[in-house]
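First listed ligand is number 1; within each ligand, the first listed atom is number 1. Quick note: numbers below take in every heavy atom, side chains included, and nothing from hydrogens, waters or symmetry partners. All values derive from a computational prediction rather than experimental measurement. Residue numbers count from 1 along this sequence.
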Amino acid sequence: MPDALPDPRSPAAQALPAGLLDALGGILGPRGVVTDPADLQPHLSDWRGLYRGASPALLRPASTAELAAAMRLLHAAAVPVVPQGGNTSMVGGAMPDEGGRQVVVSLARMNRIRDIDPLDMTMVAEAGVILKTAQDAAAEAGCLFPLSLSAEGSATIGGVLAVNAGGNNTVRYGNARELMLGLEVVLPDGQVIEGLRRLRKDNTGYALRHLFVGAEGTLGFITAAVLRLFPRPRATALALCAVADEDAALSLFRRFRDRDESSIRSFEYMSGAGMDLVLQHIEGATLPLAERARHYVLVDLASSRPDADLRGLMEGVLEEALEAGEVLDAALPESEAQSANLWRLREEHAEAQKRAGASVKNDVSVPVSKVPEMIRRCSAALEALIPGSRPVPFGHLGDGNIHMNLAQPDGVDGAAFLARSHDIMDAVNAVVRELGGSFSAEHGIGRLKTDMLAEWRGGAEFDTMRRIKAALDPQGLMNPGKVLP
Ligand code: 2HG
Ligand code: ZN
């Protein structure tokens with residue numbers, strides 16, 4: 001019964017202070033308050049199946065003013081809230097806990113693109129706009145919104161900003177943070193920061209907008225953003241290469257960078273183990289190379305100059321690398337369909353791993369120069385820790401972010417393997433730490449990695465985070481249990 005206000009005697013109503021749901025219904029209307037268990041269900045588990053939460057209600061405000069008014073009520077009643085975008089978090093960042101008191105808030109109805117300006121190169125998008133929709137709207141206006149990631153068909157602008165998502169094009173365009181000029185934010189007490197300024201220069205006190213990007217909804221709601229657009233690529237070239245080893249992959253990256261850094265849009269690494277999973281579990285996926293390899297690289301070049309000879313650049317660099325023995329084989333697509341197939345081989349890694357059984361994810365980063373050593377040392381440590389398990393490293397070599405994942409051994413109970421998740425993450429993190437890296441490169445902290453944050457970012461850094469949280473959300477009502485333990 002999504003269209004009816006909840007029965008005041010329902011379990012949902014009982015978990016909340018008397019009269020609150022009615023008052024929220026008065027602000028948000030019948031479509032804005034969902035308490036039917038069947039309608040709540042999809043919002044109470046994450047796609048990885050790591051967490052299952054409970055909640056008395058899902059709120060769906062249709063505007064910033066509605067959300068602000070609802071937050072004033074919730075704040076006064078000390079009700080905890082959990083913002084949820086496309087629910088594609090890798091770390092349980094959008095899940096309520098099991099206590100049944102945390103209200104989930106989705107901004108899916110706030111899905112307007114308020115403005116696109118191809119001269120200022122900006123887009124003003126509301127939090128509920130799907131990332132793919134934002135990309136398409138930019139393209140229609142003759143521009144590019146470059147944030148690109150596997151979950152772009154369901155991830156939302158509010159969500160990708162809240163977690164400072166990275167993705168495939170970070171090597172060229174930066175993370176979500178670098179693509180944001182201004183923000184509109186609803187604070188935990190319902191005040192609104194009206195910061196939708198589309199300025200390239202704006203040194204007016206603390207850059208508050210950057211506090212909310214990457215805060216994973218623990219400081220307030222991002223309700224709309226001014227996003228940076230870029231010139232549309234007019235020349236592109238793509239290649240899938242089989243490479244000799246991890247060092248050869250890095251060396252190939254260097255060759256492209258030395259030749260023309262500005263044309264590198266993505267530089268992705270895939271292990272043979274990951275590619276095998278994609279070829280086995282993803283319908284229609286085919287490898288356009290003569291043989292399977294142990295290491296692959298997907299190189300994507302793009303330029304806004306229509307006369308840029310990127311095919312020539314690609315072939316020239318690959319020839320040199322072939323002669324040097326770094327590249328063993330390469331496929332250059334001749335059509336859109338072939339290009340899409342190559343990208344699928346990379347983008348379907350997460351899905352293929354999910355279908356293949358239990359796996360543990362390690363979203364780590366190291367300085368780019370250390371990527372080969374990190375992959376080798378982590379793989380050895382993981383194979384020693386869990387004999388028969390299969391390291392599946394893949395990801396964004398160009399920016400140093402590798403998903404150092406581990407697939408369960410064949411024939412072993414998935415739950416027993418997952419029970420060792422923390423040992424597995426510790427083994428990877430020990431190497432990553434020695435190499436000056438990070439335990440969370442682009443997926444954030446969520447519920448999964450709060451202990452790691454305390455351990456890695458102790459001292460003044462952690463203390464400052466706590467003080468910021470206490471200043472903005474003294475009652476701890478915004479996305480409790482996420483980021484800070
Ligand atoms: C990707 O790069 C995503 O495909 C998912 O960040 C990574 O599944 C993963 O570990
Ligand atoms: Zn990734």
Practice task
Select one of side chain, backbone, both or neither to describe which atoms of Gln353 lie under 4.0 Å from any atom of ligand 1, heavy atoms only.
Solution key: neither

Practice task
Give the contacting part of Leu149 toward ligand 1: side chain, backbone, both or neither, where contact means a heavy-atom distance below 4.0 Å.
Solution key: neither

Handout entry: Salt bridge Glu152-Lys132, side-chain N to carboxylate O under 4.0 Å
Key = no

Problem - Pair Glu261 + Arg172, salt bridge at N-O below 4.0 Å - result: no

Completion exercise
Closest to the Zn ion (ligand 2), among the N/O/S atoms of Glu442, is atom OE2

Fill in the blank from the handout: The atom of His396 among N, O or S that is nearest the Zn ion (ligand 2) is NE2

Exercise for the section: Would you please indicate if the ring centroids of His396 and His403 are separated by under 6.0 Å? Expected result: yes

Exercise for the section: Answer yes if the ring centres of Tyr269 and Phe394 are under 6.0 angstrom apart, and no otherwise. Expected result: no

Problem - ligand 1 contact by Glu347, heavy-atom criterion under 4.0 angstrom - result: no

Please write down residue, atom name and distance for the protein heavy atom closest to [atom].
{"atom": "atom 2 (O) of ligand 1", "value": "Arg346 NH2, 2.6 Å"}
{"atom": "atom 4 (O) of ligand 1", "value": "Ser150 OG, 2.9 Å"}
{"atom": "atom 10 (O) of ligand 1", "value": "Asn405 ND2, 2.9 Å"}
{"atom": "atom 8 (O) of ligand 1", "value": "Lys361 NZ, 2.7 Å"}
{"atom": "atom 5 (C) of ligand 1", "value": "Met90 CE, 3.3 Å"}

Exercise for the section: Kindly confirm or rule out an N or O of Asn168 lying under 3.5 angstrom from an N or O of ligand 1. Expected result: no

Practice task
Check Met270, Arg294, Glu326, His295 against Val243 for a side-chain contact (heavy atoms from CB on, under 4.5 Å) and give me the one that passes.
Solution key: His295

Practice task
Using a cut-off of strictly less than 2.8 Å, determine whether Asp363 has an N/O/S atom near the Zn ion (ligand 2).
Solution key: no

Practice task
Verify the distance test for His443 against the Zn ion (ligand 2): any N/O/S atom under 2.8 Å, yes or no.
Solution key: no

List ligand 1 atoms under 4.0 Å from [X], heavy atoms only on the residue side.
{"X": "Phe394", "value": "4 (O), 7 (C), 8 (O), 9 (C), 10 (O)"}
{"X": "His396", "value": "2 (O)"}
{"X": "Ala350", "value": "8 (O)"}

Practice task
Examine the side chains of Ser262 and Asp260 and answer whether a donor and an acceptor come within less than 3.5 Å of each other.
Solution key: yes

Problem - Which atom of Phe256 lies closest to which atom of Phe267, heavy atoms considered - result: CD1-CE1, 4.0 Å

Problem - Side chains of Val82 and Met95 in contact at under 4.5 Å (non-hydrogen atoms) - result: no

Handout entry: Check: Glu268 main-chain N/O paired with Ser266 side-chain donor or acceptor under 3.5 Å
Key = no

Handout entry: Residue list, side-chain hydrogen bond (donor to acceptor under 3.5 Å, both in side chains) with Gln338, at least two apart or on another chain
Key = none

